[in-house]
Protein chains: 2
Amino acid sequence: MTLREIFAANLKAHRKAQGLSQEDLAHRADLDRTYISALERQLYSASLDVIEKLAAVLAVPPAALLRLPEETGPG
Amino acid sequence: MTLREIFAANLKAHRKAQGLSQEDLAHRADLDRTYISALERQLYSASLDVIEKLAAVLAVPPAALLRLPEETGPG
DNA sequence: TGTGACTACGGTGTATACTCGCCAAATTGA
DNA sequence: TCAATTTGGCGAGTATACACCGTAGTCACA
């Protein structure tokens, strides 16, 4: 399980939990739609700046996007 | 407090906690020495792949590098 | 004084993150 | 079946992450 995979899964899960389409999320995070699609397919290694933007829109601590689902705790 | 700042502080703290120099860390993580220096000075937005490498060397969950010091919990 | 360990900092080159435009496949719902 | 929404995929361009080389500064200690 690579960090890309974990991040991709968390991104998709939180996005759907918020009822957002890739396009919605992209627009709110000021990112490109196709890039969100690519992130969920693990084509890119997202940077801290992007992680920060996405976490803000998804209303979760940035660290939450790097954790496995079974793990708990803040951030 | 940007995510870059948090990451930079955590990177430096964990590196020193392990008694590693920037060069030691760079070598073990298969990264460049000057790049580690730059990360600690917040010049770059590290990617997931780099975060994964550094976390492995520092023996901490990747998510731990994105959390504020006062926060607790796994990963 | 000077020597070694560590780090800041510069320039340059390459790899890759990220944007943008467009079209096709898939999904959803009337 | 049709239309609307969502997502995948690709080519091309720009921005930036990251590697590699060197130099200089700081600090500890002989």
Side-chain angles (χ1 to χ4, degrees), chain A residues 1-69 75, chain B residues 1-69 75:
Chain A
M1 194 82 171
T2 69
L3 196 52
R4 279 197 199 196
E5 291 173 327
I6 295 172
F7 178 78
N10 286 333
L11 179 61
K12 191 168 193 170
H14 281 99
R15 176 175 65 78
K16 297 213 162 188
Q18 298 275 350
L20 298 175
S21 68
Q22 291 179 349
E23 187 160 9
D24 289 334
L25 177 58
H27 186 256
R28 296 188 193 195
D30 195 29
L31 294 169
D32 192 75
R33 183 192 67 77
T34 65
Y35 180 58
I36 300 295
S37 170
L39 282 182
E40 292 189 358
R41 283 176 289 133
Q42 310 163 30
L43 297 186
Y44 296 118
S45 182
S47 72
L48 285 174
D49 291 354
V50 165
I51 294 170
E52 187 170 33
K53 284 183 182 180
L54 292 172
V57 171
L58 296 174
V60 297
L65 297 177
L66 303 197
R67 269 184 314 193
L68 288 167
Chain B
M1 193 84 170
T2 69
L3 196 53
R4 279 197 199 197
E5 290 173 326
I6 295 172
F7 178 79
N10 286 333
L11 179 61
K12 191 168 192 170
H14 282 97
R15 176 174 64 78
K16 296 212 164 191
Q18 299 275 351
L20 298 174
S21 67
Q22 291 179 350
E23 189 162 7
D24 289 334
L25 177 59
H27 186 256
R28 296 189 193 197
D30 197 29
L31 294 170
D32 192 74
R33 175 183 57 81
T34 67
Y35 179 58
I36 300 295
S37 170
L39 282 182
E40 291 189 358
R41 284 176 290 134
Q42 308 162 32
L43 297 186
Y44 296 118
S45 182
S47 73
L48 285 174
D49 292 354
V50 164
I51 294 170
E52 188 170 33
K53 284 183 182 181
L54 291 172
V57 171
L58 296 174
V60 296
L65 298 178
L66 271 53
R67 267 193 272 110
L68 289 167

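Letters A, B, ... are given to chains in the order of the sequence lines, protein chains preceding strands, and every chain is numbered from 1.
With rounding to whole Å, A/Leu20 atom CG is found 16 Å from D/dT5 atom P. Rounded to whole Å, the distance from CD1 on A/Ile36 to P on D/dG9 is 16 Å. If you measure from atom CG of A/Leu43 to atom C1' of C/dA17, you get 12 Å, rounded to the nearest angstrom. One interatomic measurement links the two molecules: CD of A/Glu40 to C1' of D/dT7, which rounds to 9 Å at whole-angstrom precision. Residue B/Leu11 contributes atom CG, which lies 11 Å from atom P of C/dT7 at whole-angstrom precision.
Among all heavy-atom pairs drawn from A/Glu5 and A/Met1, the shortest one is OE1-CA, 3.1 Å. Residues B/Leu39 and B/Ala46 share a closest heavy-atom pair of CD2-CB, 3.8 Å.
For the segment residues 22-32 of chain B, residues with any heavy atom less than 4.0 angstrom from an atom of DNA chain D are, sorted by number, B/Asp30, B/Leu31, B/Asp32. Near DNA chain D, meaning a heavy atom under 4.0 Å away, the residues from residues 46-55 of chain B are B/Ala46, B/Ser47, B/Val50.
Rounded to the nearest 0.5 Å, atoms CG (B/Leu65) and CG (A/Leu66) are 9.0 Å apart. Atom CZ of A/Phe7 is separated from atom CG of A/Leu54 by 5.0 Å, given to the nearest 0.5 angstrom. Interatomic distance, B/Arg67 CZ to A/Arg67 CZ, rounded to the nearest 0.5 Å: 7.0 Å. Once rounded to the nearest 0.5 Å, the distance linking CG of B/Leu11 with CD1 of B/Ile36 reads 6.0 Å. A distance of 8.5 Å separates OG1 in B/Thr34 from CZ in B/Arg41, rounded to the nearest 0.5 Å.
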side-chain contact (heavy atoms from CB on, under 4.5 Å) evaluation trace for B/Leu48 with A/Ile6
CA-CA 10 Å; B/Leu48 285 174; A/Ile6 295 172; over 6 Å; no

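Among residues at least two apart or in separate chains, there is no ring pair (Phe, Tyr, Trp, His ring centres under 6.0 Å) pair with a member in residues 48-69 of chain A. Applying the side chain to side chain donor-acceptor pair (under 3.5 Å) test to residues at least two apart or on different chains, the pairs with a partner in residues 45-60 of chain B are A/Arg4-B/Asp49, A/Ser45-B/Ser47, A/Ser45-B/Asp49, A/Ser47-B/Ser45, A/Asp49-B/Ser45.
Positionally, the nearest nucleotide of DNA chain C for B/Lys12 lies more toward the 5' end than for the other of B/Ser45 and B/Lys12.
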Where do N or O atoms of nucleotides 9-13 of chain C meet protein N or O atoms at under 3.5 Å, pair by pair?
residue: C/dC9; atom: OP2; partner: B/Arg41; partner atom: NH1; Å: 3.2

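Here B/Arg4 does not reach the OP1 or OP2 of D/dT16: none of its side-chain N or O atoms lies under 4.0 Å away.
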For residues 18-25 of chain A, which side-chain donor-acceptor pairs fall under 3.5 Å, sequence neighbours excluded?
residue: A/Gln18; atom: NE2; partner: A/Leu58; partner atom: O; Å: 3.0
residue: A/Ser21; atom: OG; partner: A/Glu23; partner atom: N; Å: 3.4
residue: A/Ser21; atom: OG; partner: A/Asp24; partner atom: N; Å: 3.0
residue: A/Ser21; atom: OG; partner: A/Asp24; partner atom: OD2; Å: 3.1
residue: A/Gln22; atom: NE2; partner: A/Glu40; partner atom: OE1; Å: 3.1
residue: A/Asp24; atom: OD2; partner: A/Ser21; partner atom: N; Å: 3.2

